[in-house]
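Only one structure is covered here, and it is reproduced in the block below.
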Number of protein chains: 2
Amino acid sequence: MDQANAIEAFSALAHPSRLDAFRLLVRAGPKGLPAMEISRQLGAKPSTLSGHLSILKRAGVLTATRHQREIHYAANLANINELVQFLIADCCSGQLDDCKITLCP
Amino acid sequence: MDQANAIEAFSALAHPSRLDAFRLLVRAGPKGLPAMEISRQLGAKPSTLSGHLSILKRAGVLTATRHQREIHYAANLANINELVQFLIADCCSGQLDDCKITLCP
DNA sequence: TCCATATTTCGTTAATACCCGAAATAACGA
DNA sequence: TCGTTATTTCGGGTATTAACGAAATATGGA
């Protein structure tokens, strides 16, 4: 994870439809959901959503796997972990324990 | 933390100078750094940086406290924690433990 | 092969974000 | 008070990004 990659990920998430899509896929779990299903649940036009999914995938926060006719998108939590680690790298220069953050308690 | 707040935070971080500034302040710890010092360390024009710091502060990822003539900016890690919790809320709908993310190990 | 479904690419238009220098505001010390 | 340093606000020209419908591509079944 480098600066360019982090910026791409943050940019990708900084959009209402894309953030909704990502959080929907977080809830959906590792199997993910096909594009049409995401489109339907979010009420987004397929062509518009396609662009959004493409942006999220290029940013590395989603994975895409084909299942017969459908392409299933899923949240890439490993990359989210790396992104957050990058964001708070060398927290407090190691001087303090002020930076405790716990996820999925 | 709601969707609008999360988008504002992601947008704020999705910029090279702002991401650099935030990570610099993460390293600087809770005391933070004055604006001019950030400007010097990042090689950014004061007026441009001022706008960036304002955006980061409005997004809630930085705090600002005046110390005599200087305004010290510091990373707001509590809000970053909330942001990440929001991002991965209801992970896998509670069905799996696939979503473990640990920060500041 | 040929059709229907799933998804993406393309072209256009509208909105938003960026950078900078100059001027304005704030706070201290002589 | 006056000058100096610290920081922010303003104006404007340029560039990036968004949305949509229509058309194109891909896959599987009859």
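Letters A, B, ... are given to chains in the order of the sequence lines, protein chains preceding strands, and every chain is numbered from 1.
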Check your understanding: Expressed in angstrom and rounded to an integer, what is the separation of A:Leu49 atom CG from C:dT9 atom C1'?
Key -> 15 Å
Practice item. Take the protein atom CD1 of A:Ile71 and the nucleotide atom C1' of D:dT27, then report the distance between them rounded to whole Å. Key: 10 Å
Study note, to complete from the structure: Winner on side-chain proximity to A:Arg69, out of C:dC18, C:dA26, D:dT27, is D:dT27
Check your understanding: For D:dA19, does either OP1 or OP2 sit under 4.0 Å from a side-chain N or O belonging to A:Arg18?
Key -> no
**Study point:** Interatomic spacing from CG in B:Leu56 to OH in B:Tyr73 - rounded to 0.5 Å
**Key:** 9.5 Å
Check your understanding: Given atom NE2 of B:His52 and atom C1' of C:dC20, what is their separation to the nearest angstrom?
Key -> 11 Å
**Study point:** side-chain N/O B:His15 vs D:dT16 OP1/OP2, d < 4.0 Å
**Key:** no
Check your understanding: Roughly, in whole Å, what's the span from CZ in A:Arg40 to P in C:dT5?
Key -> 16 Å
Revision key, fill the gap. Here the distance between atom C1' of C:dA6 and atom CD1 of A:Ile38, to the nearest Å, is 12 Å
Exercise for review: Please figure out whether B:Glu37 or A:His67 has its closest DNA chain D nucleotide nearer the 5' end.
Suggested key: B:Glu37
Point to revise | Pi-cation contact, A:Phe10 with B:Arg18 (under 6.0 Å, within 45°) | key: no
Check your understanding: Between C:dC20 and B:Ser47, is there an OP1 or OP2 to side-chain N/O distance shorter than 4.0 Å?
Key -> no
Exercise for review: Choose from D:dA22, C:dA27, D:dA18 the nucleotide whose nearest atom is closest to any side-chain atom of B:Arg66.
Suggested key: C:dA27
Review point. So which heavy atom on A:Leu77 is nearest to which on B:Cys91, and how close?
Key: CD1-SG, 3.6 Å
Exercise for review: Report the distance from atom NZ of B:Lys45 to atom P of C:dA22, rounded to the nearest whole Å.
Suggested key: 11 Å
Exercise for review: In whole angstrom, give the distance that lies between atom CG of A:Leu56 and atom P of D:dA18.
Suggested key: 11 Å
Check your understanding: Looking at CG of A:Leu53 and OG of A:Ser17, how far apart are the two atoms once the value is rounded to the nearest 0.5 Å?
Key -> 10.0 Å
Review point. Looking at the side chain of A:Tyr73, which of C:dA27, D:dA22, C:dT7 is the nearest nucleotide?
Key: C:dT7
Study note, to complete from the structure: Closest to the side chain of A:Ile55, out of D:dT9, D:dC20, D:dA18, is D:dA18
Exercise for review: Identify whether NZ of Lys or CZ of Arg in B:Arg27 sits under 6.0 Å from the centre of the six-membered ring of B:Phe22 and within 45° of that ring's axis.
Suggested key: no
Exercise for review: Compare the minimum distances between each of D:dT8, C:dC28, C:dC18 and the side chain of B:Gln68, then state the nucleotide with the smallest one.
Suggested key: C:dC28
**Study point:** Minimum-distance nucleotide (side-chain atoms of A:Glu70 versus C:dA6, D:dT7, C:dT8)
**Key:** C:dA6
Point to revise | Integer-rounded Å distance: D:dA6 P and B:His72 NE2 | key: 11 Å
